[in-house]
Amino acid sequence: MRLICLLFLVISLTGCYQNKALTQNTLIYCTESLPSSFNPLISHDVASLDATTHQLFNRLVKIDEETNQFVPDLAEKWEQSEDKLRYRFTLRSDVHFHHTDYFTPTRTLNADDVLFSLNRMLDKNNPYHFINNQGNNFFYNHPFTNLLSEINKIDDLTIEFVLLKPDVTLLANLAAHYSVIHSKEYADQLLAQGTPKNIDFEPIGTGPFKFKQYDNNGTIRYSKHSLFAQKTGNIDNLIYFTNTSASKRYTKLLSGECDAISYPAASQLETISENENVSIISKVSANLALWAFNTSKPTLQDHRVRQAISKAINVKTILNAVYFQSALQTKTLLNKQSWALKANIDETLFAPEQARQTLQSLDYDFSKVLTILVPESGDTFNPNFHKTAELIQANLAAIGIQAQIINLSGKALKDRLKNGDYDTYLTGINVHINDPDSIFRPLLSCNSTPNTGNSSHWCSDETQSLLDASLTEPDFAQRIKNYYKIQVITREQRPYLPIAHVLRLDAVSNTISNIEVNPLTGINFQYAIKQDLK
């Protein structure tokens with residue numbers, strides 16, 4: 001009997017030791033939704049970026065989180081030609097692709113992989129261009145595909161990008177999530193097997209983790225890429241659990257079933273902040289909620305009218321009622337992390353009586369019913385358009401303006417925007433590259449339409465000139481000055497009322513450190529460290 005008890009004790013302790021060792025090397029991330037694919041080239045929803053961009057793949061360049069500068073990733077260096085039309089990149093040697101159950105690479109990364117990956121977007125004759133119905137994908141048409149004339153292979157480790165015209169945003173696009181590099185050898189294997197669609201769902205990359213399994217319960221498993229040459233943390237196994245309930249995700253975080261969770265509920269934030277065992281990672285995204293004024297409408301053509309109406313809106317109330325603590329009020333189109341932000345803006349945001357008096361002095365027609373066009377479903381930059389519209393409607397009523405809310409979706413919404421049959425439009429913009437042009441051009445360019453961003457129908461020759469000049473401006477300081485001028489113009493002309501920049505929120509156990517979150521490209525577990533469990 002004593003021998004049986006002793007054996008039972010040894011087995012129990014051995015099991016505890018194995019479980020502890022496994023847990024120490026495993027990070028469990030509980031997220032709210034499933035990725036739509038495992039390829040950020042074709043999927044730009046948050047869940048897909050979190051599951052792919054930094055975990056599975058690398059890009060030629062990336063952005064340093066501390067300095068906000070472009071730094072090497074797969075490319076070890078690059079140079080620009082004197083005419084600003086050519087960029088030549090030298091690849092790092094000895095970069096290994098993932099070895100998995102479904103693919104065994106026979107070579108390391110070379111120029112052919114870069115050409116294949118990016119030409120999938122550029123070249124309609126690329127055998128993967130239309131795979132998984134991605135020929136009409138947003139990123140096949142904007143903005144990267146409009147930059148390049150061609151990509152040339154100089155040798156196995158050298159690539160040259162030829163621009164259609166000088167454009168300083170190339171590096172920002174190459175650092176974006178959609179510029180990840182795939183294995184051409186794997187793509188060729190899939191074509192030969194007649195299964196090219198698998199490239200987006202059974203991924204092969206060069207990142208710190210390799211894809212292992214994805215099951216019907218919404219669990220994604222990764223294992224460490226043993227041949228990854230860059231610095232990493234101590235995580236050998238990375239697991240994503242999907243649970244749409246914010247309260248259940250938080251409960252699992254507290255119980256230790258999750259090491260980190262995405263998007264805790266606003267109602268949980270105060271409780272989480274008081275918990276010494278949990279930290280909140282909060283990053284201001286460039287995603288922006290806006291109220292657009294249709295400047296082609298006679299009653300809204302005077303910028304003083306637009307300014308006055310803007311002052312009637314209590315944006316703080318909108319943030320409290322719609323966003324809770326998940327967004328920051330903004331006075332500008334750029335977020336506070338943008339290198340081009342013109343700070344120290346002195347402006348009264350909410351002054352309803354002043355707004356009424358200004359409109360009266362301008363002989364504004366208060367009998368006119370102002371229309372507020374509203375998308376029926378929420379978006380990344382606004383979880384509840386209709387509630388936002390109702391709050392704006394109440395603010396307008398307080399100064400004597402009647403407003404009608406029009407909810408539309410799909411083709412009906414696009415047609416209304418195209419025809420300009422609205423006075424104002426609740427909208428926003430999702431930003432995907434770290435460059436002010438990605439915000440200003442869709443919203444302010446004379447060449448942009450309501451369906452591509454310019455729902456204000458606003459066109460300024462001066463602003464257009466500044467936008468175009470900034471793309472070819474070699475002097476970085478002058479480029480900043482150009483964007484400062486644009487911000488001054490748009491603040492005075494008020495084609496839009498900026499409402500809020502959305503926050504990216506994650507809650508993390510204090511046993512985990514070195515998690516990086518980039519609102520543009522997703523969460524990054526490459527450097528994550530898990531402390532020993534007590």
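The structure presented is a predicted model; accordingly, all values stated were derived computationally and were not measured.
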Open item on the list: For Lys342, is there any backbone N or O sitting under 3.5 Å from a side-chain donor or acceptor partner on Gln487?
Closed with: yes

Is the gap between the ring centers of Phe38 and Tyr214 under 6.0 Å?
yes

(Q) Would you say NZ of Lys62 has more than 12 non-hydrogen atoms from neighbouring residues, nucleotides or ligands within 6.0 angstrom? (A) yes

CG of Asn524 to NE2 of His54, rounded to nearest 0.5 Å, is 5.0 Å

Contacts of Glu202 meeting salt bridge (Lys or Arg N to Asp or Glu O under 4.0 Å) (sequence neighbours excluded), chain-then-number -> none

Answer yes if the side chains of Ser279 and Asn510 hold a donor-acceptor pair under 3.5 Å, and no otherwise.
yes

Inset, instruction - Please find out if less than 6.0 Å separates the ring center of Phe209 from that of Phe228. - result: no

Here the gap from Leu520 atom CG to His177 atom NE2, rounded to the nearest 0.5 Å, amounts to 9.0 Å

| query | Would you call Asp468 and Lys165 a salt bridge, using N to O less than 4.0 angstrom? | reply | no

Thr53 vs Arg59, side-chain contact (heavy atoms from CB on, under 4.5 Å): CA-CA, chis, key distance, verdict: CA-CA 9 Å; Thr53 311; Arg59 294 146 290 168; 4.1 Å; yes

Open item on the list: Check Glu160 with Arg86, please: is the shortest side-chain N to carboxylate O separation under 4.0 Å?
Closed with: yes

Given side-chain contact (heavy atoms from CB on, under 4.5 Å), test Leu341 with Lys336 step by step and report yes or no.
-> CA-CA 7 Å; Leu341 175 66; Lys336 67 178 185 179; 4.2 Å; yes

Output for pair (Tyr323 OH, Leu328 CG), nearest 0.5 Å, gives 11.5 Å

Closest non-hydrogen atoms of Ile429 and Ser438, given as atom of the first, atom of the second and distance, are CD1-O, 3.7 Å

Discussion item. Has Gln55 got a side-chain atom pairing as donor or acceptor with Ile523's backbone, closer than 3.5 angstrom?
Written reply: yes

Worksheet item: Just wondering, more than 12 heavy atoms not from Lys224 lying within 6.0 Å of its NZ?
Response: yes

Check: Checking side-chain hydrogen bond (donor to acceptor under 3.5 Å, both in side chains) for the pair Asn126/Asn119: CA distance, chi angles, key distance, verdict?
Finding: CA-CA 7 Å; Asn126 184 293; Asn119 276 332; over 6 Å; no

Looking only at heavy atoms, the pair that brings Asn234 and Asn25 closest together is O-OD1, 3.7 Å

Check against side-chain contact (heavy atoms from CB on, under 4.5 Å), Ile261 and Lys252 = CA-CA 9 Å; Ile261 63 172; Lys252 289 180 179 293; 5.9 Å; no

Q.
Can you tell whether the side chains of Asp156 and Arg107 come within less than 4.0 Å, N to carboxylate O?
A. no

Heavy-atom closest pair (Leu118 atom, Ser179 atom, distance to 0.1 Å) is CD2-CA, 4.1 Å

Scanning both residues in full, the closest heavy-atom pair of Ser456 with Pro495 reads CB-O, 3.5 Å

Using a 3.5 Å distance criterion without hydrogens, assess whether the side chain of Lys210 forms a donor-acceptor pair with backbone atoms of His99.
yes

When rounded to the nearest 0.5 Å, the distance separating OG of Ser117 from CD1 of Ile151 is 9.5 Å

Open item on the list: Please determine whether a side-chain nitrogen of the Lys or Arg among Asp437 and Arg479 lies less than 4.0 Å from a carboxylate oxygen of the Asp or Glu.
Closed with: no

Within 6.0 angstrom of Asp64 CG, more than 12 heavy atoms from elsewhere = yes

Examine distances only and state if a side-chain atom of Asn430 and a backbone atom of Asn287 form a donor-acceptor pair shorter than 3.5 Å.
no

- Any side-chain heavy-atom pair from Leu91 and Leu60 closer than 4.5 angstrom? yes

Of all heavy-atom pairs linking Arg120 and Leu41, the shortest is CD-CD2, 4.3 Å

Indicate yes or no: does Asp506 engage Arg504 in a salt bridge with an N to O separation below 4.0 Å. yes

Under 4.5 Å between any side-chain heavy atoms of Ser93 and Leu157, yes or no? yes

Within the distance-only criterion (no hydrogens, no angle test), does the side chain of Ser470 pair as donor or acceptor with the backbone N or O of Leu466 below 3.5 angstrom? yes

I'd like to check Asn39 versus Val180 (side-chain heavy atoms, cut-off strictly below 4.5 Å). Are they in contact? yes

When rounded to the nearest 0.5 Å, the distance separating CG of Asp113 from OH of Tyr186 is 14.0 Å

- Side-chain heavy-atom pair Leu56, Phe211 within 4.5 angstrom cut-off: yes

- Task: Could you go through the side-chain contact (heavy atoms from CB on, under 4.5 Å) check for Leu413 and Leu373 one step at a time?
- Result: CA-CA 8 Å; Leu413 179 60; Leu373 187 59; 3.8 Å; yes

- Message: Under a 3.5 Å distance rule, please check whether His98 uses its side chain to pair with a backbone N or O of Gly205 as donor and acceptor.
- Response: yes

_Any side-chain heavy-atom pair of Ile159 and Leu115 under 4.5 Å_ = yes

For the backbone of Ala246 and the side chain of Asn243, can you confirm whether one donor and one acceptor N or O come within less than 3.5 Å of each other? no

task: Please confirm whether the backbone N or O of Trp458 pairs with a side-chain atom of Asn454, one donor and one acceptor, at under 3.5 Å?
output: yes

Could you go through Phe476 and Trp339, starting from their C-alpha distance and side-chain angles, then the distance that decides it, and tell me whether this counts as ring pair (Phe, Tyr, Trp, His ring centres under 6.0 Å)? CA-CA 10 Å; Phe476 185 67; Trp339 50 262; 4.7 Å; yes

Q) Can you tell me if NZ on Lys197 sees more than 12 non-hydrogen neighbours from other groups inside 6.0 Å? A) no

_Within the structure provided, determine whether Pro450 and His457 are in side-chain contact (heavy-atom separation under 4.5 Å)._
yes

Discussion item. Are there over 12 heavy-atom neighbours, none belonging to Lys212, within less than 6.0 Å of that residue's NZ?
Written reply: no

Interatomic distance, CG@Asn335 vs CD1@Ile439, rounded to 0.5 Å, equals 6.5 Å

Can a side-chain donor-acceptor contact be found between Ser36 and Ser48 if the only test is distance below 3.5 angstrom? yes

Quick check: do Asn451 and Lys418 have side-chain heavy atoms less than 4.5 Å from each other?
yes

When you measure from the side chain of Lys184 to the backbone of Asp112, do you find a donor-acceptor pair of N or O atoms at a distance under 3.5 Å?
no

Minimum side-chain heavy-atom gap Leu334-Pro436 below 4.5 Å: yes

Residue pairs passing the ring-ring contact (aromatic ring centres under 6.0 Å, His included) test with at least one member in residues 496-527, sequence neighbours excluded, are Tyr29-Phe525

Worked check of side-chain hydrogen bond (donor to acceptor under 3.5 Å, both in side chains) between Asp83 and Ser81
CA-CA 5 Å; Asp83 62 7; Ser81 63; 2.5 Å; yes

Modelled atom types, side-chain donor and acceptor of Asn173 and Tyr178, under 3.5 Å: yes

Decide if atom CG of Asp101 counts as having more than 12 heavy atoms of other residues, nucleotides or ligands within a radius under 6.0 Å. no

Handout entry: Polar side-chain atom of Thr31 near backbone of Ser262 as donor-acceptor pair, under 3.5 Å
Key = no

Heavy-atom closest pair (Asn58 atom, Gln230 atom, distance to 0.1 Å) is ND2-NE2, 3.7 Å

Q. Is the centre of the Phe57 ring less than 6.0 Å from the centre of the His182 ring?
A. yes

